[in-house]
Amino acid sequence: MAFDGIVTRGIVRELKDLLVFGKIDKVQQPAKDELLITVHTKTGNHKLFASSSSSAPRLHLIEEAPPNPPVPPPFCMLMRKHLVGARIVDITQHEADRIIEISLEALNELGFTLSKKLIVEIMGKHSNIILVELRPTSDSASTNPVCSNPEFESIGSTEYQEIVIDSIKRVSFDTSRVRQILPGIKYSYPPAQEKTPFDEITENELNNLPSDSGIILKKIGGISPQIAEELAITPNRFNYLRTLYNYGKHSGKNADSVDINDAYVVDINEEEDLSIERIRPHIYLDDNNSPIDFHIANLTQYEDSCIRKDFDTLSQCIDYYFEHKESTNRIKQRSHSLSKTLDGLLEKYKLKLQRLNEDLLAAEDSEKYRLYGELLTANLHNVTGGLDKVTLTSYYDGSEVTIPLDPKYSPSKNAQNYFKKYGKSKTAVKEKRIQIEETEKDIQYLESVQTSLDNLTNPEDIEFTRSELVETGYIRKRKTNEKPRKFKASPHKYTSPSGFDILVGRNNKENDELTLRIADKTDIWLHTKDIPGSHVIIRTNGEDPTADDIYCAASIAAWHSKAKDSGQVPVDYVKVRHVKKPAGAKPGMVIFTDNRTVYVEPKLP
């Protein structure tokens with residue numbers, strides 16, 4: 001990920017153009033490490049999204065707000081107290097670091113103006129969102145608030161210190177002996193690195209560095225390894241870096257599309273080949289359209305081998321990157337604990353199935369016990385007590401049979417013991433087969449839940465999946481003050497080549513709702529053959545669907561299944577009237593007859 005100091009400088013300028021002098025209307029906390037701030041400006045409302053996630057830290061504007069928990073967390077309530085109604089007076093970057101400071105002015109309960117800062121530190125696993133209050137030092141004569149915006153310089157040059165109000169991640173002495181972040185203590189910046197910031201390095205210093213990206217990365221602060229590699233192969237390093245520095249610098253221009261030959265881009269020789277023809281925020285995608293990296297600069301290592309997608313704003317670029325990158329996808333992160341629980345349950349039931357099969361094999365080998373008992377009973381006069389084994393002739397085939405004996409018991413008692421063992425084994429065979437069948441159903445059901453969890457597109461559906469597992473008794477209900485959300489069927493919807501609606505269940509409860517209540521008896525039901533997946537319905541309205549309709553719906557069913565990454569997937573289809581749910585069956589489990597099967601490639605229309 002290339003969220004370096006250069007990208008940070010670009011997003012700061014973009015946010016500054018849009019949000020400065022805006023008023024904070026709402027503060028929400030969608031997840032434990034996320035903050036969503038709605039800012040009202042002259043151009044309308046803007047949603048500012050901040051994340052301190054170790055895998056996806058960032059700050060940018062978003063269009064669609066993520067769902068919020070029914071009950072706001074304590075940190076959210078504290079932020080609302082301090083931020084709602086505050087006005088943004090400046091947005092700056094601390095030196096060349098990935099630290100963004102949002103300067104605020106707010107009124108306290110007595111009507112006095114207070115200066116505060118919301119500091120977003122984008123530093124991998126050490127990322128944080130911190131609210132500090134600017135308090136005058138004890139020897140300061142003035143009590144006027146201070147802000148860094150030139151519009152407010154007349155207020156004065158009061159010396160102040162930044163006191164932490166709270167942070168989304170508290171860092172105690174036990175966590176870090178170098179730097180603590182706790183309410184009431186003085187805020188301090190992360191330890192400085194012995195590097196020259198990218199916006200301070202001179203042309204001579206830059207050109208004297210060897211063409212080694214590793215050394216360049218160690219010497220220049222605020223650049224990513226990708227930019228270090230570009231500098232290593234770029235003929236005019238200073239102009240290259242200066243061009244990136246000037247991205248979005250002039251709000252009078254379109255800050256999201258800067259030509260290097262524009263007059264306001266300083267120190268650029270128009271006749272020099274700089275390897276950057278045009279600066280636009282962009283993402284590099286692989287062959288599966290999964291994001292690999294993003295930046296405002298062209299990255300040579302990706303230009304020829306990847307698909308490039310340009311954006312109008314840096315916020316749009318960053319939002320697209322993180323929303324479409326699987327490893328940082330919000331749904332994957334939030335469903336991780338439930339997915340881990342499912343993996344544990346599946347492992348438990350698969351181990352149980354293995355042991356039941358072993359017990360069944362041992363129980364099925366019980367005929368020898370009946371033979372031992374019969375031979376001992378028939379030869380009681382030939383067997384003396386106190387022996388640990390005896391060899392007798394079988395009257396079935398004349399073979400010699402060696403029978404283990406317990407010396408403590410008489411031959412008659414040993415025979416009775418073998419008959420009892422035979423009887424228990426016969427009973428065990430029946431019981432083990434029933435248990436095996438039930439365990440296989442458990443595994444089949446849990447795999448279907450796991451598939452629906454993997455295919456979720458809405459974070460709200462995670463709780464519906466969790467509640468389904470609670471209702472079926474696989475997991476315990478969590479202790480929470482949150483009110484459970486009322487389930488309402490909202491299946492995925494597609495259109496067939498003939499214009500029929502195609503509905504797809506998102507989870508097992510919705511599969512039941514879709515197949516047993518929403519679908520008409522004349523509609524077509526589809527499901528992957530012997531593979532966990534969603535129920536799919538073609539709403540035919542009493543008409544006969546074409547072969548193209550069937551194949552289209554079958555491809556959708558294959559896509560919404562465990563086999564979505566396979567080549568050819570078998571899909572059964574049948575009219576809904578032939579689909580039944582057995583009494584006592586788990587959610588999503590049905591039986592059907594009169595089905596046909598097609599083989600399709602998983603894809604969406």
Side-chain angles (χ1 to χ4, degrees), residues 1-19 22 24 26-39 41 43-68 88 91 93 98 100 102 118 120-124 127 129 168 224 226 247-248 254-257 279-286 288-297 299 302 306-335 456-460:
M1 180 191 71
F3 208 123
D4 55 12
I6 295 172
V7 171
T8 303
R9 181 68 53 88
I11 197 68
V12 163
R13 287 171 175 165
E14 183 177 293
L15 297 177
K16 191 170 183 177
D17 287 344
L18 290 171
L19 303 183
I24 295 177
K26 293 180 182 179
V27 177
Q28 297 163 304
Q29 191 176 353
K32 66 177 182 179
D33 50 13
E34 296 174 357
L35 208 60
L36 180 64
I37 301 173
T38 303
V39 183
T41 68
T43 59
N45 289 336
H46 299 281
K47 297 179 178 67
L48 181 62
F49 179 82
S51 172
S52 61
S53 164
S54 59
S55 59
R58 60 204 189 271
L59 178 72
H60 57 91
L61 297 174
I62 60 174
E63 295 294 331
E64 296 184 6
N68 288 288
I88 297 175
I91 301 177
Q93 177 184 18
R98 293 174 293 170
I100 300 173
I102 303 175
L118 186 66
V120 181
E121 299 179 346
I122 305 171
M123 303 183 299
S127 299
I129 302 172
I168 206 163
S224 61
Q226 293 86 339
Y247 169 79
N254 179 0
D256 304 305
S257 179
I279 297 180
R280 288 181 66 87
H282 55 273
I283 286 175
Y284 294 102
L285 309 168
D286 62 17
N288 297 321
N289 285 325
S290 296
I292 298 176
D293 212 335
F294 73 93
H295 214 282
I296 59 174
L299 303 179
Y302 299 129
C306 299
I307 304 168
R308 172 171 167 154
K309 183 178 179 66
D310 290 345
F311 294 86
D312 294 330
T313 68
L314 192 50
S315 285
Q316 291 174 352
C317 177
I318 297 171
D319 189 40
Y320 185 96
Y321 174 84
F322 285 105
E323 284 298 318
H324 289 77
K325 190 169 180 63
E326 184 177 9
S327 63
T328 58
N329 186 285
R330 184 179 292 109
I331 296 175
K332 297 292 181 183
Q333 293 174 1
R334 293 186 182 181
S335 64
L456 288 182
T457 57
N458 190 334
E460 291 182 350

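Fair warning: this is a prediction, and the values are worked out from it, not measured in the lab.
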- [ ] With sequence neighbours excluded, tell me which residues meet ring pair (Phe, Tyr, Trp, His ring centres under 6.0 Å) with Y320.
- [x] F311, H324
Open item on the list: Just so I know, are the side chains of I37 and L118 near enough to count as touching, which here means a heavy-atom distance under 4.5 Å?
Closed with: yes
Task: Mutual orientation of the aromatic rings belonging to F322 and F294 [parallel < 30°, tilted 30-60°, perpendicular > 60°] - done: perpendicular
Open item on the list: To the nearest 0.5 Å, what is the distance between CZ on R98 and CG on L59?
Closed with: 13.5 Å
Task: Within-4.5 Å side-chain heavy-atom neighbours: Q28 and L35 - done: no
- [ ] Name all residues meeting the ring pair (Phe, Tyr, Trp, His ring centres under 6.0 Å) criterion together with H295; count only those two or more places apart in sequence or in a different chain, and write none if there are none.
- [x] none
Open item on the list: For a quick test of reading the model, state the closest non-hydrogen atom pair linking V7 to D4 and the distance between them.
Closed with: N-OD1, 2.9 Å
Open item on the list: Rounded at 0.5 Å granularity, tell me how far OG in S127 sits from CG in D33.
Closed with: 9.5 Å
- [ ] Name all residues meeting the salt bridge (charged side-chain N to carboxylate O under 4.0 Å, His left out) criterion together with D286; count only those two or more places apart in sequence or in a different chain, and write none if there are none.
- [x] none
Task: Exercise: identify the closest heavy-atom pair between P30 and P67 - done: CB-O, 3.7 Å
TODO: Check side chain to side chain donor-acceptor pair (under 3.5 Å) between S51 and all other residues, then give those that pass, not counting sequence neighbours.
DONE: none
TODO: Report the distance from atom CD of Q29 to atom CG of L36, rounding to the nearest 0.5 Å.
DONE: 10.5 Å
- [ ] Could you grab the distance from atom NE2 of H282 to atom CG of L314, nearest 0.5 Å is fine?
- [x] 10.5 Å
Task: Minimum-distance pair of heavy atoms, taken over all atoms of F3 and P57 - done: CD1-O, 4.2 Å
Open item on the list: Given S315, which partner from the list H60, R58, E14, E63 fulfils the side-chain hydrogen bond (donor to acceptor under 3.5 Å, both in side chains) test?
Closed with: E14
Open item on the list: Minimum heavy-atom separation for Q226 and Y302, please, with both atom names.
Closed with: NE2-OH, 4.5 Å
Task: Close side-chain approach of L61 and T313, heavy atoms under 4.5 Å - done: no
TODO: Can you measure from CD (E121) to CD1 (I168) and round to the nearest 0.5 angstrom?
DONE: 12.5 Å
Open item on the list: Run L15 and I88 through side-chain contact (heavy atoms from CB on, under 4.5 Å) and show every step you take.
Closed with: CA-CA 11 Å; L15 297 177; I88 297 175; over 6 Å; no
- [ ] Answer whether the closest heavy-atom distance between the side chains of I102 and L48 falls below 4.5 Å.
- [x] yes
Open item on the list: Could you work out, with side chain to side chain contact (heavy atoms under 4.5 Å, CB included) as the rule, every residue matching Q93, not counting sequence neighbours?
Closed with: T8, R9, V12
- [ ] Taking side chain to side chain contact (heavy atoms under 4.5 Å, CB included) as the test, write out the residues that go with T41, two or more places apart.
- [x] L19, V39, T43, H46
Task: Exercise: identify the closest heavy-atom pair between F49 and I62 - done: CB-CG2, 3.8 Å
Open item on the list: Can you list everything that forms a side chain to side chain donor-acceptor pair (under 3.5 Å) with T38? Sequence neighbours excluded, please.
Closed with: none
Open item on the list: Using 0.5 Å steps for rounding, measure from the CG atom of D293 to the CG atom of L285.
Closed with: 11.0 Å
TODO: Compare every heavy atom of P281 with every heavy atom of Y247, then report the nearest pair and how far apart it is.
DONE: OH-CG, 3.3 Å
